[in-house]
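Notes follow the structure.
Chain A is the first sequence line, chain B the second, and so forth, proteins listed ahead of strands; every chain is numbered from 1.
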Amino acid sequence: MSDLAPDTLPRADLDDPLYYLRNFRTLVEWVVGRHGDLLLESERRSIDQLLRLPTPSIALLVRMLMRRGELFRTSRLDYSEIGSTDDAISPLIEQRWVKPNPEIDTDALCRLLTLRELRDFLDSDLKGLPASATKTRIQEHLQALHADAVHRLDQWAPALSDKLVQLNCDALFTRVQLMFFGNMSQDLSAFVLTELGYKQFEPVPFTRDSRAFTSRQEVDIYLQLHLAREALSAGEPPAQVYAQLPDSPSSNWLERRYSRTLFEIGRGAEREGDFDLALKLYRQSRHVEANQRTFRVLELSKPDRDSYSALLDALACSKRPAEQTALSRIERRLSRQLGLTPKTRLTRTRLPQIKLALPGPAPVEASVAQHLSRPDAPVYYVENGLINGLFALLCWPALYAPLPGAFFNPFQAAASDLASPDFVQRRQEVFERALNALHSPTYKDEILKRRADKYGIACPFINWPLLSEELVSLALACIPPADLEAMFRRLLEDIPSHRSGLPDLVQFFPANTQSRTATGYRLIEVKGPGDRVQDHQQRWLEFCLERGIDVSVCYLSWEPGATS
DNA sequence: ACCCCACACTCAGTG
DNA sequence: GATCCGTAAG
DNA sequence: CACTGAGTGTGGCTTACGGAT
Ligand SMILES: [Mn+2]
Ligand SMILES: [Mn+2]
């Protein structure tokens with residue numbers, strides 16, 4: 001199987017008024033050509049038929065697919081590049097891609113008609129309402145009057161001369177899109193955004209057989225999990241959402257999604273006070289926080305000796321610092337509740353403090369940055385962006401190593417297994433090679449060159465506008481490579497939890513870079529009134545402190561009377 | 001990059 | 001009107 | 001009272017525009 005450079009993706013240039021149709025064809029042909037075996041025979045046949053319809057008809061269908069919802073008024077489907085909507089639509093109706101005159105409920109009716117039209121054409125239904133009633137008011141009124149009754153538009157509003165059509169094929173193309181992107185958050189707009197330069201992606205070579213899913217069942221499970229999460233956020237009862245969940249998938253990355261979904265439903269159950277269900281879900285979930293939530297729920301629902309001894313067991317075998325902290329907090333409360341002496345203590349290392357009173361209120365980080373900044377000691381508001389950014393610049397070849405399965409379409413900002421626990425291990429050698437460069441005399445130039453080469457390419461670790469050449473140069477001049485390596489290695493220990501929590505500000509002291517004693521930089525976490533150091537921030541700060549990196553927490557208050 | 005990270009805010013419980 | 005929001009589209 | 005832990009809500013290429021309030 002030969003490697004394919006992603007640049008070879010046919011680009012629909014924006015002068016083409018049917019650019020979206022070209023992109024749609026590219027996507028569909030890609031999926032049928034490479035993942036066709038994951039489609040049903042009937043699906044392949046109808047896609048084939050669709051692509052042979054007249055161009056204006058396919059174009060109109062794509063326009064509808066890219067728009068929100070499934071219902072459209074034909075008067076609102078008005079495209080100069082398509083011409084007559086009626087002409088374009090009839091083949092779509094004949095082939096059942098689109099359904100004419102669908103029956104709709106009052107909610108849909110209110111979404112499709114303007115306030116003015118509702119008043120003018122539903123006057124008999126709105127007798128009791130004042131003429132000034134708002135749209136939500138009308139919607140409630142109609143809902144109370146008709147409940148879930150469905151009618152055709154011409155039945156709801158006989159005097160309104162407009163037609164309604166309904167997409168019949170959303171599910172099929174949602175599936176096709178999912179197979180292409182491997183997620184539900186990207187859609188056809190990825191093509192045009194790339195073309196416009198708002199998004200750029202690292203071109204990683206991958207083979208023709210690379211794809212997100214290996215079986216149709218995996219796609220089905222993904223879609224079901226997505227439906228479950230949507231139902232949950234739409235307010236459906238957690239028990240009901242749980243009942244509709246598929247069986248636990250065998251593939252690793254789908255299992256993570258599955259566990260995450262269980263966890264979210266569990267949170268929903270907690271919110272509803274359904275502790276039994278929450279416990280059941282957390283026990284099945286392998287989400288990193290499922291364990292600590294289990295004990296939080298036990299603390300509330302069953303604060304007895306059994307729970308307490310289970311908690312002690314969990315504490316004893318807990319590996320993650322974040323989990324240990326959370327469990328230890330519960331242990332202190334639960335033991336007190338049971339009349340026992342706490343067995344753990346929260347040992348929060350005292351951090352160096354700065355107290356400041358400044359005129360405000362104003363954005364806290366910027367205020368402190370401005371106050372501390374001096375020409376020979378500039379301050380930058382970087383949060384996680386500096387260390388994550390330098391890390392990604394140095395380790396770029398590892399992050400974008402063309403491992404099998406990691407990349408499968410040209411619109412990926414990162415490898416598909418970035419969140420997986422064995423992400424680093426699978427790339428151990430490349431990462432080591434990258435980190436070893438920090439011992440070479442040329443690493444600064446290499447990082448600066450990488451910045452220049454890759455500027456603008458989407459990467460989850462990098463916020464490009466922040467990473468100015470000036471900032472990177474200063475950072476490389478002032479932060480010793482040993483510190484960089486220590487921080488990068490900590491990042492690699494647990495990327496998902498260590499990529500955040502870094503201090504807000506960095507201050508550089510370029511004049512000290514030759515000195516043996518004075519420090520070349522310091523890190524400052526800013527806390528405004530009412531804000532506190534978070535656990536993961538504390539862990540980064542303690543780590544730095546132990547390594548002799550100058551860190552402090554700046555507590556800011558506003559000078560009385562002054563405003564800015 | 002699978003609505004996340006940091007912030008600002010609220011609320012309740014505790015010494 | 002002025003303003004804010006959601007949606008469409010390049 | 002101050003302090004702590006827990007929970008919640010908010011944002012997202014850019015530009016243009018119709019619609020609601
Ligand atoms: Mn911050
Ligand atoms: Mn802060």
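- In terms of the side-chain hydrogen bond (donor to acceptor under 3.5 Å, both in side chains) criterion, residue partners of A/S328 (sequence neighbours excluded) are, by chain and number, A/T344.
- For the C1' atoms, the distance from D/dG19 to C/dG1 is 15 Å, rounded to whole Å.
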Sequence-aligned protein contact record of nucleotides 4-15 of chain B, with B where the base is within under 4.0 Å of a protein heavy atom and S where only the sugar-phosphate is
SSSSS------S

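- For the pair A/E81 CD and C/dG10 C1', the computed distance is 12 Å after rounding to whole Å.
- The nucleotide range of DNA chain D contacted by chain A, defined by atoms under 4.0 angstrom from heavy atoms of the protein and reported 5' to 3', is D/dT4 to D/dT21.
- Between D/dC13 and B/dC4, the distance separating the two P atoms is 16 Å to the nearest Å.
- A search for side chain to side chain contact (heavy atoms under 4.5 Å, CB included) contacts involving A/N183 returns A/F181, A/S185, A/Q186, A/Y222, not counting sequence neighbours.
- Every residue two or more places apart in sequence or in another chain was checked for a salt bridge (charged side-chain N to carboxylate O under 4.0 Å, His left out) with A/R345, and none qualifies.
- Taking the ring centre of A/Y20 as origin, the terminal cationic atom of A/R63 falls inside the region bounded by 6.0 Å and 45° from the ring axis.
- As judged by a 4.0 angstrom heavy-atom cut-off over every strand, A/R76 is placed among residues touching the sugar-phosphate backbone only.
- Judged as a side chain to side chain contact (heavy atoms under 4.5 Å, CB included), and not counting sequence neighbours, the contacts of A/L340 are A/R305, A/Y308, A/S335, A/L338.
- The stretch residues 212-225 of chain A does not touch DNA chain D, since none of its heavy atoms comes less than 4.0 Å from the strand.
- Between the side chains of A/E218 and A/T214, at least one donor N or O lies within less than 3.5 Å of an accepting N or O.
- A/Q538 meets the side-chain hydrogen bond (donor to acceptor under 3.5 Å, both in side chains) test with A/E542; sequence neighbours excluded.
- Just one residue in the list A/R332, A/R333, A/R329 forms a salt bridge (Lys or Arg N to Asp or Glu O under 4.0 Å) with A/E299, and that residue is A/R333.
- Residues A/F411 and A/F191 place their aromatic rings such that the two centres sit under 6.0 Å apart.
- Base contact: A/L196 has a heavy atom under 4.0 Å from a base atom.
- For residues 262-273 of chain A, the set of pairs meeting the salt bridge (charged side-chain N to carboxylate O under 4.0 Å, His left out) definition, not counting sequence neighbours, comprises A/R229-A/E264, A/R260-A/E264, A/R267-A/E270, A/E270-A/R293.
- Counting only Watson-Crick and G-U wobble pairs whose two distances sit under 3.5 Å, DNA chain B takes part in these stems of three or more pairs: B:5-15 with D:1-11.
- Comparing C/dA9 with D/dG9, their C1' atoms are spaced 30 Å from each other, to the whole Å.
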Going 5' to 3' along nucleotides 4-9 of chain C, which nucleotides have protein heavy atoms under 4.0 Å from the base (write B), which only from the sugar-phosphate (write S), and which from neither (write -)?
---SSS

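- Cation-pi contact between A/R490 and A/W540: present, with separation from the ring centre below 6.0 Å and deviation from the ring axis of at most 45°.
- Within the nucleic acid shown, A/R293 comes within 4.0 Å of sugar-phosphate atoms alone, with no base atom in reach, counting heavy atoms only.
- The stretch residues 184-194 of chain A participates, sequence neighbours left out, in no salt bridge (charged side-chain N to carboxylate O under 4.0 Å, His left out) pair at all.
- More than 12 heavy atoms of other residues, nucleotides or ligands sit less than 6.0 Å from atom CD of A/Q353.
- Not one N or O on the side chain of A/N23 forms a donor-acceptor pair closer than 3.5 Å with the backbone of A/L188.
- Across all strands, A/S189 comes closer than 4.0 Å to no nucleic acid atom at all (heavy-atom distances).
- Separation of the C1' atoms belonging to C/dG10 and D/dG5 is 48 Å when rounded to the nearest angstrom.
- With no hydrogens or angles considered, a side-chain donor-acceptor pair links A/S75 and A/D162 at under 3.5 Å.
- Under the 30°/60° scheme for interplanar angles, the aromatic rings of A/W396 and A/Y400 are found to be tilted.
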